[in-house]
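Following: one structure in structure tokens, then a few remarks.
Not measured: the values here are computed from a predicted model.
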Amino acid sequence: MKAQDIMTKNPRTVTPETRLMEAARLMKDEDVGIIPVVESGASRRLVGVLTDRDITVRHVAEGHDSNQCPVREAMSDRLVTARPDEDIEDVMETMGREQIRRIPIVDERGDLVGILAQADLAREAHDEDKVEETVEKISKPGGRHRQ
């Protein structure tokens, strides 16, 4: 099975200039915990991701004004991605090693084509032992993404 077989295709996106409040509303409307950040409205080139945790830890906890703050001030630009044709086992290995619950899927140009979440693995991946191992690695306390 490949990443493209179970990823969410063409997820909604924001740009670095999008106001954080607008991005948070989009997360709420789409019922997601991550929004990919693309270069511009006319481009699908991935430049970052914004998670609900980014908003909470990097923005709200610091007392910033959500109405004025652009996404670029809270987004993560250290990207870990996968390709659509990657074997799902390799994607799970990356997610576990990097302790990430969601991974953007990009093409050879770096353009966003989808996103794969831990929940997608739980629903669709056939190797239940590998999924369980991946979830354990992702959830291990004290990872480098802890802020």
Side-chain angles (χ1 to χ4, degrees), residues 1-126 130-131 134-140 143-147:
M1 182 180 301
K2 305 289 185 186
Q4 63 197 1
D5 298 328
I6 64 172
M7 71 183 189
T8 298
K9 294 172 177 59
N10 299 313
R12 299 281 303 271
T13 62
V14 295
T15 69
E17 291 75 35
T18 302
R19 296 286 173 227
L20 208 49
M21 184 69 76
E22 182 182 336
R25 283 191 187 116
L26 181 58
M27 288 174 141
K28 179 183 176 209
D29 292 347
E30 296 292 316
D31 192 26
V32 296
I34 189 172
I35 298 284
V37 182
V38 294
E39 189 172 59
S40 70
S43 169
R44 296 290 288 178
R45 191 174 78 76
L46 187 67
V47 296
V49 294
L50 179 70
T51 67
D52 45 8
R53 181 171 171 80
D54 292 332
I55 293 171
T56 303
V57 173
R58 294 185 183 159
H59 185 74
V60 175
E62 297 296 324
H64 295 272
D65 181 357
S66 299
N67 291 316
Q68 301 303 315
C69 188
V71 163
R72 75 174 161 275
E73 291 187 20
M75 73 182 206
S76 299
D77 58 6
R78 183 192 160 280
L79 296 172
V80 176
T81 62
R83 299 291 173 113
D85 60 350
E86 266 188 74
D87 287 327
I88 203 65
E89 291 81 14
D90 294 335
V91 176
M92 285 192 284
E93 179 63 33
T94 300
M95 291 172 76
R97 182 182 64 248
E98 296 293 325
Q99 291 189 287
I100 54 175
R101 289 174 168 73
R102 308 158 200 114
I103 190 166
I105 309 299
V106 297
D107 65 15
E108 63 281 347
R109 295 179 312 271
D111 288 348
L112 180 73
V113 296
I115 196 154
L116 196 141
Q118 178 177 295
D120 298 323
L121 297 173
R123 281 191 307 268
E124 304 291 338
H126 301 297
K130 181 68 174 173
V131 171
T134 300
V135 171
E136 284 179 20
K137 286 180 181 177
I138 289 170
S139 303
K140 187 177 178 183
R144 72 170 119 157
H145 300 289
R146 185 181 167 142
Q147 300 192 9

_Check Asp87 with Lys2, please: is the shortest side-chain N to carboxylate O separation under 4.0 Å?_
yes
Name the atoms and distances for all side-chain donor-acceptor pairs under 3.5 Å in residues 25-32, with sequence neighbours left out.
residue : atom : partner : partner atom : Å
Glu30   : OE2  : Arg12   : NH1          : 2.9

*Could you tell me whether the side chain of Val14 reaches within less than 4.5 Å of the side chain of Met75, counting heavy atoms only?*
no
*With side-chain contact (heavy atoms from CB on, under 4.5 Å) as the test, would you mind laying out the steps for Arg97 and Val80 before giving the verdict?*
CA-CA 11 Å; Arg97 182 182 64 248; Val80 176; 5.9 Å; no
*Quick one: list whatever passes side-chain hydrogen bond (donor to acceptor under 3.5 Å, both in side chains) with Asp77, sequence neighbours left out.*
none
_Spacing of CZ belonging to Arg44 relative to CD belonging to Glu39, to within rounding of 0.5 Å_ = 12.5 Å
*Might you point out which heavy atoms bring Arg78 and Glu98 nearest each other, and give the distance in Å?*
NH2-OE1, 2.7 Å
*Rounded distance (nearest 0.5 Å) linking atom CD1 of Ile100 with atom OG1 of Thr94*: 7.5 Å
*What are the two closest heavy atoms between Ala82 and Val91, and how far apart are they?*
CB-CG2, 3.9 Å
*Roughly how far apart are Asp107 CG and Leu46 CG, rounded to 0.5 Å?*
10.5 Å
*Test log, rule side-chain contact (heavy atoms from CB on, under 4.5 Å), inputs Arg101 and Ile34*: CA-CA 10 Å; Arg101 289 174 168 73; Ile34 189 172; over 6 Å; no
*Got a second to check how far Ile88's CD1 is from Asp120's CG, nearest 0.5 Å?*
8.0 Å
_Over all atoms of both residues, closest heavy-atom pair of Pro16 and Val47_ = CG-CG2, 4.0 Å
*Show your working on side-chain contact (heavy atoms from CB on, under 4.5 Å) between Thr15 and Val71 and close with a plain yes or no.*
CA-CA 7 Å; Thr15 69; Val71 163; over 6 Å; no
_If you compare all heavy atoms of Pro84 against all heavy atoms of Ile105, which two are closest, and at what distance to 0.1 Å?_
N-CG2, 3.4 Å
*Are any side-chain N or O atoms of Arg19 and backbone N or O atoms of Gln68, one a donor and one an acceptor, separated by less than 3.5 Å?*
yes
*Going from CG on Leu116 to CD on Glu86, what distance comes out if it is rounded to the nearest 0.5 angstrom?*
10.5 Å
*Would Leu50 and Leu20 satisfy side-chain contact (heavy atoms from CB on, under 4.5 Å), going step by step from the backbone distance to the final call?*
CA-CA 9 Å; Leu50 179 70; Leu20 208 49; 3.7 Å; yes
*asked:* Does any part of the side chain of Pro11, heavy atoms only, come nearer than 4.5 Å to the side chain of Pro36, both counted from C-beta?
replied: yes
*Approximate separation, where rounding is to 0.5 Å, of Thr18 OG1 and Arg72 CZ*: 10.0 Å
*Does the pair Asp85/Arg83 count as a salt bridge with the N-to-O cut at 4.0 Å?*
no
